[in-house]
Structures are given as C-alpha cells and as structure tokens.
Amino acid sequence: MSSLAPVHPLVRDLRLLGVAFGYELRKVTAWRAGFVVRELMRSLWRPLVMIFVYRAILATPDARVGGFDFPTMVAYLILAASFEKLLFHQRGLDLADQIFQGYVTKYLTMPVRFFVLALGRFVQHVAVQASVVAILWIAGWALFPQWWPRPASASAALQAFGLVLLGSYCAFLVCFLVNVLAFWLEVVWTLSAMASFVFSFAAGVLVPVSAMPDGLAGTLRWLFPYWAVSAPGELFLGRLGTPDFVRGVLVLLAWIVALELLRQFLWRRGLRRHVGAGA
Amino acid sequence: MNALLHHLRLAREFARVGVIRKSQFRVEFLTQVVMDTAWYLVHIATFEILFAHTDSLAGWSRAEVRVFLGFLFLSDAFWMIWLGQCWHFGRELKDGVLDSLRLRPGAPVFVYFFQRFSLEACINGAMALGWLLFALWDIPGALAPLGLLKLAWALTLAFWARTALSVGFTIAEFRAVNSDLSNLAWEVTMTLADRPVDVFPLRMRQLLTSLVPVAALSSLPAAFVLGRISALEAAAHSAWIFALGLGVFAWWRRSFRHYASALG
C-alpha cells in the first residue's frame, strides 16, 4: 500500500536526481580515452603554463607580483587549476542542442522537472572532478612536496572548498542561462566561449585578482568568479581570513538567488515560444 | 599550377557559401565578433597587468609582447576564417559522415579543412591586423619596405603552421575515435602559443620550435620581425616547418584511406 501513497515532490525530485546522477556518471565514463581527455585533463593547462611566465617575472628572490613571491604564486596557480576543474564547465550541458533539435519537447510531457535532470549533471560533474582533484593532490604531495600548497588551517581549507562549491553552482546556472538563450538565438556556443574567457580573467585564473590594479580588483570582488577561484585560493593560503569568507558566502548567495530567478523567468518565457515539430 | 588554381577556385566557392550562410545568421555573426574581441581584450589586459609588475618577460619588452600578441591574434583569425571545420572532425569521424569527402572535387585535406569560411572572422582579422600595425608602429623599421617584406614572410609562416597543426592534431582521432584528442591538443597548443616561447625551459623550447612547432604561430614570426632572430634562422625554421607540413598532409591522407563507416 505504501508504494501507492502520494510522494512528496521534493522526495520525487531527489530520487530523480539520484537516477540522473547515476546515468550521467555511466555516460561520462563510457568512452575511456574521451574520459581521460575530457575529465582528467580539463582546465589544467592555462594555470600550469602560467608557472613558466611567473618564473620569468619572479626570477630574483625579492621580486613580487601583488605580494606573491614565486613559491606562493606556484601554490596559488595549482589551487586555481584545481578550483577551476571543480567549476561547472560550459561543455557539461547540451541543453542548447536539445532546444535546437526539438528534443526538449519530450521532457515537457514527462512527469518530471527538467531542471532536476540538468542538476544531476552538475552533481556528476562535481563528484567526478572532486575525485580527479583528490587524485592529483595525492600525486602532487608525493611528487612535489616543496611546491604543493598547504592550507593555512583546516578551517581555511574547508572555507575555500565551500566557496568553490557555491561558485561552481553559480557557473552551472550561468551555463544553463546561456543554453536557454537557444530559444531565441540560432547559435549560443560563441556566448559560452565568451563567458569562459571573461570568467577566467575575472576569476584570477591567470593573474590573481589582488595583483590587478585597485579599481579593477575592487570591481571584480563584487562578481562571483572572484569568489569561486581567486578568493578561495587566497583563503587556503592564509592571505584572506574568516571575515572575507563570510563576505564571499553572502556575495555568492546573492548571485545564486539572482541567477536562479533569471533562470526560472527565461525558462518559462522560452518554453512559451518553443516549437519542436516532429521531435 | 592547374591544381593550385583549381583549389583557389574551390576556396572562392567556400567563401561565397560562407557569406551566404552568415547573411542568414546575423546574431551569430555579431556574437562571434564580440567573442573574439573579448578574447583579444583578455590577452591584452593580462599582459598589460603583468607588465605593471615587470619591465621584461623572458627578454621581451612590453612593445615586443604587443607585436607578439598581434601575430597571435592574426594567426588565430586565419584559423577562424578558414579552418573552423577542424573543430568538428572528431565528431564527424565518429558519426561516419566523411564518405562524401572521397567524391568531392579536390584534395580531401583541403576540401575538408577549408570548407567552413567564416565572414565574421574577417572582421576580427581586420581588428587583429589593426592591433599588429599599432604594435609595429613603435618598432623602428618594422613598417619600412624591408620590414613589410619580413612581415609578409612571418605571416605566411604563421598561417602555414596553423594549417599543418590543425590537420596534424586530427590524425590522433583516427587512432582514438571520439577521444576529443584533437581538441585537447588545440587547447594545449593555444595555451602554449599564448606566451612568448622564451618563457619555457630549453628542452621545451626546442620541442615547440621543431616537432610541434607551436612557436611558429606567434613567437617565431614576431621574433623575426622584431629582429630577435636572423633571416637565416627564420629561413631554416620556415624550411623545416614547410617540410613538416607536407609530411603531416601526407600522413593525414594515408590515415584517411583507412577510414570506414557504415556507409563507406
């Protein structure tokens, strides 16, 4: 009898989330070569190549860029590469293709919320990338102990990880929003790519935001990319403290609320004008 | 000579079709121009910020890095104008839609890689050229007749290297289908090409100027125009990269002979 009892919508969504997560995980690991290329190596290159650039700039022991000496900059770039891997990636969502090809129509007739399926992909992304980052960190500590970053404290590491997770959710919402624009535009990959360039710069993946000119750095501190990569890196290294963490959480939560409202608005408006003949 | 003219006529047709396609997708036209402009601005801003902390980057001054960025932007624009199709190669190989390539009127390498002409990238190419000329303005003699000759040579080298690398990376897809290896190789290549090659250690520099001539996309052409390497050195690099390109095209053709699909 209990199986026939009405299920609370939240419980139903959570069950669906679990199923979607399992499905996405199987799908992403189905192609082994592709899995290694796409999931293990993604987002590593740019910060790591910057190590060579900073080696050229910070050649003398007293040279500094924004207060960073060379070993601290290496630690920061390793953190930036790790955190960027945890952020939801534009290629992680193919919603725009589904809209273009009319596949999205089938989800509208199913008794599930489409967003939960996309959320399943977000959970899969974070779970896979967190595992990859953990493996990389174990290898890094074993192979390069003198260069690998060490947290200022356990709470600093936890605070940094918390900010990265919230930032990753913001990145996921932005990806979803850009994809939803496919209801109105013929092509959205250019917008995704542009968002990616701007994000990398604003997040301080290549140059720490604290090394940027004051006016620019002050502006970027109001945007979520800074709190998703640069600030967690500085928190981890002890260059920022708990008050900064609190400010970061507030900024990220405000962004999540704003992006979520915009997502719901655009999704509803988009569905109203969607036509998927034959799909 | 006849073959060259034939392929130039094909290129003209690809350009004509590309212009017609873009006249239908006007928003795409605008967003791609804006996207590449954002890419340029991020690069310029990154190096300008770095030069606020230093006077020299591995021996390159601020003015020289601006020239380097000009070559990077212009070779990227060439890639976007003509070689955008290479981005889709892995998927199309997996889907088995390359059969018709065997029947098309030209060398498969040329017909496949040059088929997607991008009009919007021409706008970005004009912007990149503007930036390069602005950067060269500060370099004595760079815009004199001899300097312009060196500029033409350097650009030819950059464009040839782009084509050879674009084709070369896709060969990996024949070996590991649906691996995204060619796109990953591009991602890594572009990351390495984004910085003057002199920032890397010696062994890496040797690799990037020989077997995987990433330096020929931006560093070597800029170094030649700036007089950081001699004409003889530039000639040696050019001869090697030209031969490497021919070898890559031959290797691609051989790999393509083994291509089979359900329809093939």
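Reminder, nothing fancy here: chain letters follow the sequence lines and each chain counts from 1.
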Assess the residue pair A:Phe176 and A:Leu93 against the criterion (side-chain contact (heavy atoms from CB on, under 4.5 Å)); give the C-alpha distance rounded to whole Å, side-chain angles, the decisive distance to 0.1 Å, and a yes or no.
CA-CA 7 Å; A:Phe176 196 94; A:Leu93 210 56; 3.9 Å; yes
Would you check if the side chain of A:Ser131 reaches a backbone N or O of A:Ala127 as a donor-acceptor pair within less than 3.5 Å?
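Yes, because the side chain of A:Ser131 sits within donor-acceptor range (under 3.5 Å) of the backbone of A:Ala127.
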Ignoring hydrogens and angles, tell me if any N or O in the side chain of A:His125 forms a donor-acceptor pair with the backbone of A:Leu87 under 3.5 Å.
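Yes.
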Relative to the ring of A:Trp148, is the ring of A:Trp137 parallel (under 30°), tilted (30 to 60°) or perpendicular (over 60°)?
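Taking A:Trp148 first and then A:Trp137, their aromatic rings stand perpendicular (interplane angle over 60°).
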Parallel, tilted or perpendicular for B:Phe114 and B:Trp82, by the 30°/60° rule?
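Judged by the thresholds at 30° and 60°, the geometry between B:Phe114 and B:Trp82 is tilted.
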Using side chain to side chain contact (heavy atoms under 4.5 Å, CB included) as the criterion, point out the one residue from B:Thr189, B:Val248, B:Leu83 that pairs with B:Ser166.
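The residue from B:Thr189, B:Val248, B:Leu83 that satisfies side chain to side chain contact (heavy atoms under 4.5 Å, CB included) with B:Ser166 turns out to be B:Leu83.
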Chain B contact via [X] - side chain, backbone, both or neither, heavy atoms under 4.5 Å:
| X | value |
| --- | --- |
| A:Arg55 | side chain |
| A:Leu58 | neither |
| A:Ala202 | neither |
| A:Val53 | both |

Distance-only side-chain donor-acceptor flag, [X] / [Y], under 3.5 Å:
| X | Y | result |
| --- | --- | --- |
| A:Gln124 | A:Arg121 | no |
| A:Arg46 | B:Thr191 | no |
| B:Glu173 | B:Ser182 | yes |
| B:Thr170 | B:Tyr112 | no |

Please classify the contact between B:Pro201 and chain A as side chain, backbone, both or neither, with a heavy-atom cut-off of under 4.5 Å.
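Answer is both: backbone and side chain atoms of B:Pro201 are under 4.5 Å from chain A.
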With a 4.5 angstrom heavy-atom cut-off, is it the side chain or the backbone of B:Met204 that approaches chain A, or both, or neither?
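Only the side chain of B:Met204 comes within 4.5 Å of chain A.
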Any non-hydrogen side-chain atom of A:Phe183 less than 4.5 Å from a side-chain atom of A:Phe100?
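SC-SC contact between A:Phe183 and A:Phe100 ruled out.
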Can you check whether A:Tyr76 and A:Phe68 have ring centres sitting under 6.0 Å from each other?
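Judged by ring-centre distance (under 6.0 Å), A:Tyr76 and A:Phe68 do meet the cut-off.
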Just checking heavy atoms, which of residues 51-70 of chain B are less than 4.5 Å from chain A?
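Checking residues 51-70 of chain B against chain A gives B:His53, B:Thr54, B:Leu57, B:Ala58.
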Residues of residues 37-46 of chain B with any heavy atom under 4.5 Å of a heavy atom in chain A:
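Hits under 4.5 Å: B:Ala38, B:Trp39, B:Val42, B:Ala45, B:Thr46.
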